[in-house]
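Just follow the structure's listing: the first ligand is 1, and inside any ligand the first atom is 1. Just so it is clear, the structure is predicted and the values come from calculations on it, not from any experiment. Computation of the quantities below employed the complete heavy-atom set of this structure, encompassing side-chain atoms and omitting hydrogens, waters and symmetry-equivalent molecules.
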Amino acid sequence: MDLEIRNDIFNQAKKWIREAGATIREKIDDPLTIDTKSNPKDLVTHMDKETEQFFVKQIKSTYRDHLLLSEEGFGDDLQSLDGTVWIVDPIDGTMNFVQQKRNFAISVGIYHHGIGEIGFIYNVMDDILYSAKRGEGAFKNDIQLPRLKDNVKLDESLLGLNHFWLCENRLVDEKQMQRLVREVRGTRTYGSAALEFAYVAEGIMDGYLTMSLAPWDVAAGIIIVNEVGGVTSNIMGEEVNMLERNSILTCHPAIKKSIINDFLKKGKK
Ligand code: IPD
Ligand code: CA
Ligand code: CA
């Protein structure tokens, strides 16, 4: 992607994300309309929908040939990542948004012919914007994030986990997961995949492991983590398919091989 065009898109996206975040903060105490989607615990609110519609309107009126892959269905129905594609989660961590009014994020990844060029994860209530352009490092607000530290050992790691491994254990062996939980120094669950990617990029978690995420949960995070030297794959170590759901391991490269070979691949049915 032409760097001047990329800078223009970056600045525009940043402005819209901050604007969308300000609107959410302003309306945070307004009554919420809450619906459910695939199951009674899969929540969506009018704010998820309105925020996504805001992005669709801005993107489509400014960049007529750009495409949108987004969670709430106002984007395009995509069969490929050809062209410039904005992958948007208007509120990642809707359950936190509903129950806690914090710990949620706006996530925007911008891909050009399948290559991640720009990533934004905006912690709305804390007003912290993580961002990255491919090849130009990652930032927390205006401060560049350092590359991940050199020596990370699995038994000293802090690992983010979504506990669906307890339910989706056809993908992994429960006993091996229990070994992994005992092996690492500690585990954390924050309830927003995007923020968990951001914490890995920031170096305050060494990895994040989960059994099933959609493209909009990971699109920005992959780019931001990559810019500090982190790596992302599915739990078998294979490349993430940005048009489908994937299991996800994003982490410091020093612990990837061991997590996959010594735990995730072991004892699998
Ligand atoms: C969810 C969050 C959550 C993750 C779920 C996602 P949503 O996104 O990222 O942390 O565990 O798998 O679906 O629905 O709040 O946008
Ligand atoms: Ca999400
Ligand atoms: Ca969402």
Side-chain angles (χ1 to χ4, degrees), residues 16-17 20-21 23-24 27-28 32-56 68-75 86-109 119-126 130 158-169 171-172 177 187-201 204-205 207-225 232 234-235 240-251:
W16 292 335
I17 289 163
T23 305
I24 295 173
K27 298 186 173 177
I28 196 75
L32 276 177
T33 312
I34 306 169
D35 293 317
T36 59
K37 295 192 285 186
S38 60
N39 66 65
K41 291 173 189 157
D42 186 6
L43 309 180
V44 61
T45 73
H46 73 278
M47 278 311 289
D48 297 69
K49 294 178 191 167
E50 283 176 18
T51 305
E52 183 167 311
Q53 282 167 321
F54 167 79
F55 282 108
V56 173
L68 244 123
L69 183 59
S70 50
E71 181 167 20
E72 309 307 344
F74 302 104
W86 295 57
I87 307 182
V88 176
D89 193 338
I91 296 183
D92 180 64
T94 297
M95 201 180 290
N96 289 351
F97 172 65
V98 169
Q99 310 234 161
Q100 307 181 323
K101 296 187 183 180
R102 58 188 160 117
N103 300 326
F104 60 89
I106 296 173
S107 175
V108 177
F120 287 105
I121 294 171
Y122 186 37
N123 179 334
V124 173
M125 299 314 284
D126 291 343
Y130 298 88
L158 193 55
L159 185 65
L161 273 182
N162 172 316
H163 293 294
F164 265 94
W165 63 270
L166 286 164
C167 316
E168 306 210 11
N169 54 11
L171 287 182
V172 284
M177 286 299 291
T187 60
R188 295 290 181 270
T189 303
Y190 292 100
S192 158
L195 287 180
E196 290 173 279
F197 265 88
Y199 298 157
V200 172
I204 60 171
M205 283 209 304
Y208 171 56
L209 170 63
T210 181
M211 296 305 140
S212 178
L213 287 177
W216 39 82
D217 298 317
V218 303
I222 290 175
I223 299 166
I224 296 172
V225 164
T232 307
N234 72 13
I235 63 167
V240 172
N241 181 339
M242 206 51 78
L243 289 169
E244 286 176 8
R245 295 189 75 86
N246 297 267
S247 62
I248 291 285
L249 172 63
T250 185
C251 63

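- What sits closest to atom 3 (C) of ligand 1 on the protein, heavy atoms only, is Gly191 O, 3.7 Å.
- Residues Phe55 and Ile17 have side chains in contact (heavy-atom distance under 4.5 Å, counting atoms from C-beta outward).
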Verify side-chain contact (heavy atoms from CB on, under 4.5 Å) between Ile91 and Ile24, making sure each step is shown before the conclusion. CA-CA 10 Å; Ile91 296 183; Ile24 295 173; 4.3 Å; yes

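- The two residues Pro90 and Glu72 come nearest to each other via the heavy atoms CG-CG, 4.1 Å.
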Can you check side-chain contact (heavy atoms from CB on, under 4.5 Å) on Trp216 and Asp92, steps first, answer last? CA-CA 9 Å; Trp216 39 82; Asp92 180 64; over 6 Å; no

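- Of the heavy atoms in Asp92, both backbone and side-chain atoms come closer than 4.0 Å to ligand 1.
- If you number the atoms of ligand 1 from 1 as listed, the ones under 4.0 Å from a heavy atom of Asp89 come out as 16 (O).
- In this structure, the side chains of Asn162 and Met211 stay at 4.5 Å or more apart for every pair of heavy atoms.
- When only interatomic distances are considered, the shortest N/O to N/O separation between Ser192 and ligand 1 falls below 3.5 Å.
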May I have the step-by-step check of side-chain contact (heavy atoms from CB on, under 4.5 Å) for Asn246 and Val218, ending in yes or no? CA-CA 9 Å; Asn246 297 267; Val218 303; 5.6 Å; no

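- In terms of polar-atom proximity, Gly93 is counted as a contact of ligand 1, with an N or O under 3.5 Å from an N or O of the ligand.
- Among the atoms of Glu71, no N, O or S atom is found under 3.0 Å from the Ca ion (ligand 2).
- The pair Asp48-Lys37 does not count as a salt bridge, with every side-chain nitrogen at least 4.0 angstrom from each carboxylate oxygen.
- Among the atoms of Ala193, some N or O lies under 3.5 angstrom from an N or O of ligand 1.
- A donor and an acceptor atom, one from each side chain of Ser192 and Asn103, are nowhere located under 3.5 Å apart.
- Aromatic ring pairs are classed by plane angle as parallel below 30°, tilted from 30° to 60° and perpendicular above 60°; the pair Trp86 and Trp16 is tilted.
- The shortest N or O to N or O distance between Thr94 and ligand 1 is under 3.5 Å.
- Around the Ca ion (ligand 3), the angle linking Asp89 (OD1) with Ile91 (O) is 80°, rounded to 10 degrees.
- Among heteroatoms of the N, O or S kind in Asp92, OD1 lies nearest the Ca ion (ligand 2).
- Closest to atom 11 (O) of ligand 1, if we only count protein heavy atoms, is Asn162 ND2, 2.5 Å.
- Contact annotation: Asp217 places no N, O or S atom under 3.0 Å from the Ca ion (ligand 3).
- Taking the side chain as every heavy atom from C-beta outward, Leu195 and Phe104 never approach each other to under 4.5 Å.
- The Ile91 neighbourhood of ligand 1 comprises atoms 16 (O), with distances under 4.0 Å to a heavy atom of that residue.
- For the Ca ion (ligand 3), the set of nearby N, O or S atoms under 3.0 Å includes none belonging to Gly93.
- Of the protein's non-hydrogen atoms, Leu213 CD2, 4.2 Å is the one closest to atom 5 (C) of ligand 1.
- Nearest-residue assignment for atom 14 (O) of ligand 1 (options Glu71, Lys37, Glu196; heavy-atom criterion): Glu71.
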